[in-house]
Amino acid sequence: MKIFDEIESEVQSYARSFPRVFNRAKGELMWDEEGNQYLDFLAGAGTLNYGHNNPLFKQVLQDYIQADGITHGLDMHTRAKGEFLQALNEKILKPRNMEYVVQFTGPTGTNAVEAAMKIARNVTGQQNIVTFTNGFHGVSLGSLAATGNSHHRDAAGVSLNGTHRMPYDNYLGKNIDTTEYLDKVLSDSSSGINSPAAVIAETVQGEGGINAASIEWLRNLQAVCKKHGLLFIVDDIQAGCGRTGDFFSFEEAGIEPDIITLSKSLSGYGLPFALVLMKPELDQWKPGEHNGTFRGNNLAFVTAKAAIDHYWSDNNFSREIKRKGKYISERLDSIVSKFGEGNFTKKGRGMFQGIDCVSGELAGKITKLAFKQGLIIETSGADDQIVKLLCPLVITDQNLKKGIDIIESAIQEVCAGERDMPEERVYFEAC
């Protein structure tokens, strides 16, 4: 551990929560150098939906490297890129009647968000983007302006602008449709909100606290965008690639975003890969106008194609995710009914769920104890008050049960040592 203390930046984060040197991983399991085994309910912050070192992807990747396949190709045509595009089009887009142009951006999610916001501004001629409370879209300056988290925003060092912040679903209470507020301010010439270029939203706010927008809210949001001529951007970087049950997290709502950003588990193997899907008429870029040295990660194209071919050629994998999601919901419902004196709540949907413990201090104690019991799990939310389940989608039923058993055990032990359970402050009473 000495070398990390000596020369690695203080900016490190997860290493503080999980102070071990890890050297091996397989599926939903990780091992440290001392041979201790851990269940991984972090999964690379949603990057490893298909688990660590998925053998299906590893073999095709090894074969590709052994054959001296192109590794880095900028935006040149390569066989690996062409085969990925073919798989994406034939097995993801066409079956869903989706017609989109694919833009390969820099390798991380924030690169895709930057590109999405930039093309929206260029196409519409408007500057501002409507974003939402508790949203998280990245930490490069444009994406950070769209991000709500003060911890990240305070580190910017400059003023963040170009956005209008609006209340997300349920932010003002369960019976208040915040899309009506958005409609109102866009309709009122004296609201102080200039005509924006677009709206960007997550269907489930992962870093913001596993806040899941309702199907009705998402449909209403799209309707407001169409009414006022705003482009609708869905940031599906963490919620996409099957995390909520379908390949895209918005499928259940039946909406059709103008622009979609993808990254995280898109490569399938944890390799850096991000892209933007946009309606063909929005593809008004001039050649090279937006680029990135590592927008041609051919190794990621190879594993991404393998992921689509194996898991998304039919509906079987989607059904498995939804089955496991139902089990998670049932277990979390049971846990919140037993502990927290009625103050804990379940959040999220599919295999993207968590428990709101109201207090970040309390949630931190729970995840720290869970780690001691062999479970890697993080917190999220404005005050880190959410115990966030983000296990690989391919996790076995046995290990899924084991992981949630550890969570329940940790919650039970921590709550037993608390004299008073924290209560969430209600700002807006239900109508």
Self-check item: Electrostatic pair Asp75:Lys81 at N-O distance under 4.0 angstrom
Solution: no

Exercise. Would you give the length of the straight line joining atom CD1 of Ile237 to atom OG of Ser265, rounded to the nearest 0.5 angstrom?
Key: 12.0 Å

Quiz item: Which atoms form the tightest heavy-atom contact between Gln353 and Ser329, and what is the distance?
Solution: NE2-OG, 2.9 Å

Self-check item: Cationic N near anionic O, under 4.0 Å, Arg96 to Asp246
Solution: no

Exercise. Determine, for Lys401 against Asp397, whether the closest basic-nitrogen to carboxylate-oxygen distance falls under 4.0 angstrom.
Key: no

Name the atoms and distances for all side-chain donor-acceptor pairs under 3.5 Å in residues 364-373, with sequence neighbours left out.
{"residue": "Lys365", "atom": "NZ", "partner": "Glu418", "partner atom": "OE2", "Å": "3.0"}
{"residue": "Thr367", "atom": "OG1", "partner": "Ala363", "partner atom": "O", "Å": "3.3"}
{"residue": "Thr367", "atom": "OG1", "partner": "Gly364", "partner atom": "O", "Å": "3.1"}

Quiz prompt | Partner residues of Lys91 under the side-chain contact (heavy atoms from CB on, under 4.5 Å) criterion, sequence neighbours left out | solution = Ile308, Asp309, Ser313

Quiz item: Hey, does Phe248 have a side-chain heavy atom less than 4.5 Å from the side chain of Thr203?
Solution: no

Quiz item: Taking the inter-plane angle between the rings of Tyr50 and Phe57 on a 0 to 90° scale, is it parallel (under 30°), tilted (30 to 60°) or perpendicular (over 60°)?
Solution: perpendicular

Exercise. Inspect the contact between Glu289 and Lys118 and indicate whether a charged nitrogen and a carboxylate oxygen are less than 4.0 angstrom apart.
Key: no

Practice problem: Establish, from distance only, whether the side-chain atoms of Tyr168 and Gln205 form a donor-acceptor pair under 3.5 Å. | Solution: no

Exercise. Spell out, as yes or no, whether a donor-acceptor pair under 3.5 Å connects the side chain of Thr147 to the backbone of Ser143.
Key: yes

Identify all side-chain donor-acceptor contacts of residues 254-262 below 3.5 Å with residues at least two apart in sequence or on another chain.
{"residue": "Glu256", "atom": "OE2", "partner": "Lys279", "partner atom": "NZ", "Å": "2.2"}
{"residue": "Asp258", "atom": "OD2", "partner": "Phe232", "partner atom": "N", "Å": "2.7"}
{"residue": "Thr261", "atom": "OG1", "partner": "Asp235", "partner atom": "OD1", "Å": "3.3"}

Quiz prompt | Criterion salt bridge (Lys or Arg N to Asp or Glu O under 4.0 Å) on Glu252 and Arg349, from CA distance to verdict | solution = CA-CA 11 Å; Glu252 186 179 351; Arg349 60 187 175 93; 3.7 Å; yes

